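On a predicted model such as this, the values are computed, not experimentally measured, just so you know.
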Amino acid sequence: MLNFDLYAISTTKDEYHSSIDEFFPSFEEAMAHRMEYADWSRPHGEVQIRKYPAGKKDFYPSEKWNIRADGTIKEHRIYNWR
């Protein structure tokens, strides 16, 4: 179980697969490092940031942000897993 929130940069590798590239302690730090990564066939900086909340036994994200290459947020989703 996590004792703290964790933020991950996730990228697509092809049409069917994605993976977590790196973990960070804050959303701001993940945003600062996003230019090191890119979704498949997209410019650097175009990534997903996923939040894994503290206090959960499972490892499912509670939020996801799709970030454009210019740093703006394309989409923000909140998940309510049961």
Side-chain angles (χ1 to χ4, degrees):
M1 181 180 323
L2 292 173
N3 295 330
F4 51 87
D5 291 343
L6 196 58
Y7 294 82
I9 289 180
S10 175
T11 56
T12 57
K13 305 305 178 197
D14 58 31
E15 299 99 329
Y16 309 106
H17 303 95
S18 65
S19 67
I20 293 173
D21 296 300
E22 192 169 353
F23 291 102
F24 299 94
S26 70
F27 179 83
E28 293 76 20
E29 194 167 342
M31 281 292 284
H33 287 272
R34 70 183 172 73
M35 294 305 287
E36 300 169 21
Y37 303 99
D39 275 338
W40 174 69
S41 77
R42 303 301 301 166
H44 278 275
E46 193 157 316
V47 298
Q48 294 177 12
I49 297 177
R50 298 176 186 204
K51 177 183 179 183
Y52 295 90
K56 298 287 185 177
K57 290 183 180 180
D58 52 15
F59 199 68
Y60 293 113
S62 63
E63 295 183 66
K64 178 181 80 168
W65 295 264
N66 288 337
I67 310 296
R68 291 184 179 106
D70 66 2
T72 59
I73 297 172
K74 179 179 178 181
E75 179 184 22
H76 176 219
R77 283 193 172 177
I78 298 173
Y79 297 107
N80 294 311
W81 304 106
R82 304 226 187 262

Item to complete: Decide, yes or no, whether a salt bridge links K13 with D21 under the criterion of side-chain N to carboxylate O below 4.0 Å.
Response: yes
Worksheet entry | Check: A8 main-chain N/O paired with R50 side-chain donor or acceptor under 3.5 Å | no
Worksheet, complete the sentence: Heavy atoms of P25 and E29 approach each other most closely as CG-OE1, 3.2 Å
Worksheet item: In Å, rounded to the nearest 0.5 Å, how long is the span from CD of Q48 to NZ of K74?
Response: 10.0 Å
Worksheet item: Could you state the interatomic distance from CD (E46) to OG1 (T11), rounded to the nearest 0.5 Å?
Response: 11.5 Å
Practice prompt. Evaluate the side-chain proximity of K56 to P53: yes if any heavy-atom separation is below 4.5 Å, no if none is.
Written response: yes
Worksheet entry | Basic-acidic side-chain contact under 4.0 Å: R77, E75 | yes
Worksheet item: How far does CG of D5 sit from OG of S26, to the nearest 0.5 angstrom?
Response: 10.5 Å
Worksheet item: Taking ILVMFWY side chains as joined if any heavy atoms are under 4.5 angstrom apart, and letting links pass through other members, which residues group with M31?
Response: Y7, I9, F24, F27, Y37, V47, I49, W65, I67, I73
Discussion item. Would you compute the distance between atom NE2 of H76 and atom NZ of K51 and round it to the nearest 0.5 angstrom?
Written reply: 8.5 Å
Worksheet entry | Straight-line distance of K64 NZ to S10 OG, nearest 0.5 Å | 8.5 Å
Item to complete: Measure the spacing between CD of E28 and NE2 of H33 and express it to the nearest 0.5 Å.
Response: 12.0 Å
Worksheet item: Do side-chain atoms of D39 reach the backbone of R42 as a donor and acceptor pair under 3.5 angstrom?
Response: no
Worksheet item: Taking all non-hydrogen atoms of both residues, which atom of M35 and which atom of A69 are closest, and how far apart?
Response: SD-O, 4.1 Å
Fill in: Qualifying ring-ring contact (aromatic ring centres under 6.0 Å, His included) pairs, either residue in residues 38-61, two or more places apart
Y52-F59, Y60-W81
